[in-house]
Amino acid sequence: MNKKLNAFHLKIIAIIAMTINHLGQNFAPKFNPFWWEFTYQFIGKLTFPIMAYLLIEGYIHTRRFKIYVLRLALFAVISILPYHYVLNKTGSIYIFNNILFTLTIGLFMLKAIDIYPKYEKYIVFIASLLTVASDWNIFGILIIHSFYQNNNFKHLTIITLSMTIAQIVLTGQTISLATLGILMVIPLLKSYDGQKGFSNNLIKYGFYIYYPLHLTIILLLQVIYDKL
């Protein structure tokens with residue numbers, strides 16, 4: 001297979017998929033026919049696996065782990081309120097709610113596994129507990145772990161099928177089949193050439209900035225829409 005996608009391309013795909021998904025979720029009370037709900041959820045499932053894969057790439061190549069993890073944690077904190085008001089909207093604010101928190105815990109997990117390989121199973125278990133109520137919850141941690149230990153995507157397929165079955169059992173809704181959208185990431189990642197692609201400081205920090213920024217813009221759009 002020709003390797004045509006670099007890290008920049010993957011980030012753009014992840015950002016577009018995430019934006020479509022969050023727009024769909026936020027405006028669901030106004031417009032949410034089944035075909036559209038399935039579409040934005042299916043497409044949105046590309047985002048986390050791509051970012052998890054690039055997280056590992058960043059971890060492997062970074063020379064400044066502390067700065068890397070602090071940057072992730074900082075933007076996870078910044079994203080707490082935008083995420084809550086756009087995607088949760090009701091109930092109390094859970095401070096560990098968004099995808100950047102899941103990625104932060106995943107990054108700590110990778111470091112801990114490298115330092116204490118004998119305790120790998122326990123480290124994964126603890127990381128899963130810490131993310132049980134966050135975006136992508138324990139499945140996010142399992143995806144990060146599977147990418148780090150196994151790059152043939154078999155584990156990702158097993159995790160995806162497990163997620164889909166669990167959601168169907170818990171909700172009884174056919175919309176849960178949109179979770180299978182995760183599998184669409186496999187051909188994308190197989191096309192990854194291992195290169196950064198177009199890169200500068202804006203691109204380097206772009207995803208972190210974009211995450212809370214796009215949520216804030218969606219929230220403003222919702223306020224404007226409600227006043228029309």
Side-chain angles (χ1 to χ4, degrees), residues 7-30 40-41 43-59 62 64-110 127 130-141 143-144 181 185 196-227:
F8 174 73
H9 296 140
L10 290 176
K11 286 179 181 179
I12 295 300
I13 292 171
I15 284 173
I16 292 172
M18 177 177 64
T19 303
I20 292 172
N21 182 45
H22 288 169
L23 281 169
Q25 289 187 59
N26 186 69
F27 288 95
K30 308 293 189 305
Y40 69 70
Q41 288 198 27
I43 293 173
K45 292 299 186 292
L46 290 173
T47 303
F48 184 84
I50 291 175
M51 299 317 299
Y53 196 88
L54 294 178
L55 178 84
I56 293 166
E57 287 285 290
Y59 171 68
T62 188
R64 299 183 295 177
F65 174 80
K66 290 182 180 179
I67 293 177
Y68 189 15
V69 74
L70 284 174
R71 182 168 64 238
L72 257 178
L74 172 62
F75 281 96
V77 172
I78 293 172
S79 301
I80 290 171
L81 289 179
Y83 183 92
H84 174 78
Y85 287 111
V86 172
L87 300 175
N88 285 354
K89 296 185 179 181
T90 60
S92 58
I93 297 174
Y94 177 61
I95 62 173
F96 305 127
N97 55 14
N98 60 77
I99 191 176
L100 297 185
F101 174 75
T102 306
L103 292 171
T104 301
I105 296 300
L107 193 56
F108 275 118
M109 177 185 70
L110 298 179
L130 290 172
T131 56
V132 70
S134 66
D135 194 20
W136 281 78
N137 52 68
I138 64 173
F139 290 109
I141 289 298
I143 288 173
I144 293 172
V185 82
K196 283 185 178 181
F198 180 61
S199 181
N200 54 33
N201 284 334
L202 178 60
I203 299 301
K204 183 177 180 180
Y205 298 105
F207 180 79
Y208 306 109
I209 297 170
Y210 184 80
Y211 189 79
L213 178 62
H214 91 282
L215 289 172
T216 303
I217 292 173
I218 291 174
L219 180 59
L220 292 174
L221 289 174
Q222 178 67 64
V223 171
I224 293 170
Y225 180 87
D226 290 341
K227 289 184 176 181

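As the structure is a prediction and not an experimental result, all values here were calculated from the model.
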**Study point:** Thr102 vs Thr131, side-chain hydrogen bond (donor to acceptor under 3.5 Å, both in side chains): CA-CA, chis, key distance, verdict
**Key:** CA-CA 6 Å; Thr102 306; Thr131 56; 5.7 Å; no

Check your understanding: Are side-chain heavy atoms of Asp135 and Asn97 found at a separation under 4.5 Å?
Key -> no

**Study point:** Any side-chain heavy-atom pair of Leu221 and Tyr225 under 4.5 Å
**Key:** no

Review point. Donor-acceptor pair, Thr47 side chain versus Ala14 backbone, under 3.5 Å?
Key: yes

Revision key, fill the gap. So CG of Leu23 and CG of Leu215: to nearest 0.5 Å the spacing works out to 10.0 Å

Point to revise | Evaluation steps, side-chain hydrogen bond (donor to acceptor under 3.5 Å, both in side chains), between Thr19 and Tyr210 | key: CA-CA 10 Å; Thr19 303; Tyr210 184 80; 2.6 Å; yes

Exercise for review: Determine the minimum heavy-atom distance between Ile20 and Tyr40, stating which atoms define it.
Suggested key: O-CB, 3.8 Å

Check your understanding: Looking at CZ of Phe96 and OG of Ser134, how far apart are the two atoms once the value is rounded to the nearest 0.5 Å?
Key -> 10.0 Å

Revision key, fill the gap. CD1 (Ile105) and CG (Leu100) are apart, to the nearest 0.5 Å, by 12.0 Å

Practice item. Could you tell me the separation between the CG atom of Leu219 and the OG1 atom of Thr216, rounded to the nearest 0.5 Å? Key: 7.0 Å

Point to revise | Nearest heavy atoms of Asp226 and Lys30, plus distance in Å | key: OD1-NZ, 3.5 Å

Check your understanding: Looking at CG of Leu54 and CD1 of Ile50, how far apart are the two atoms once the value is rounded to the nearest 0.5 Å?
Key -> 7.5 Å

Review point. Quick one: does Gln222's side chain get under 4.5 Å of Tyr85's, heavy atoms only?
Key: no

**Study point:** Heavy-atom pair with the smallest gap, counting every atom of Val132 and Asn137
**Key:** O-CB, 3.3 Å

Check your understanding: Are any side-chain N or O atoms of His84 and backbone N or O atoms of Ile80, one a donor and one an acceptor, separated by less than 3.5 Å?
Key -> no

Review point. Is the closest side-chain heavy-atom distance between Leu72 and Leu55 below 4.5 Å?
Key: yes

**Study point:** Shortest non-hydrogen contact from Leu130 toward Tyr94
**Key:** O-OH, 4.2 Å

Point to revise | Minimum-distance pair of heavy atoms, taken over all atoms of Gly106 and Ile144 | key: CA-CD1, 3.8 Å

**Study point:** Minimum side-chain heavy-atom gap Leu107-Phe65 below 4.5 Å
**Key:** yes

Exercise for review: Give the C-alpha distance, both sets of side-chain angles, the deciding distance and a yes or no for side chain to side chain contact (heavy atoms under 4.5 Å, CB included) between Ser79 and Asn98.
Suggested key: CA-CA 7 Å; Ser79 301; Asn98 60 77; 3.7 Å; yes

Practice item. Please state whether the rings of His214 and His22 are parallel, tilted or perpendicular, taking 30° and 60° as the class boundaries. Key: parallel

Point to revise | Ile13 vs Phe8, side chain to side chain contact (heavy atoms under 4.5 Å, CB included): CA-CA, chis, key distance, verdict | key: CA-CA 9 Å; Ile13 292 171; Phe8 174 73; over 6 Å; no

Point to revise | Aromatic plane relationship, Phe48 with Trp136 - under 30° parallel, 30 to 60° tilted, over 60° perpendicular | key: parallel

Check your understanding: Are Phe207 and Met18 close enough, and set up right, to give a side chain to side chain contact (heavy atoms under 4.5 Å, CB included), and what steps lead you there?
Key -> CA-CA 11 Å; Phe207 180 79; Met18 177 177 64; 3.9 Å; yes

Review point. Can you name the closest pair of heavy atoms from Met109 and Ala127 and give their distance?
Key: SD-CB, 3.9 Å

Review point. Out of curiosity, Met51 CE to Leu10 CG, how far, rounded to the nearest 0.5 Å?
Key: 9.0 Å

Check your understanding: Side-chain contact, heavy-atom cut-off 4.5 Å: Thr104 with Phe75?
Key -> no

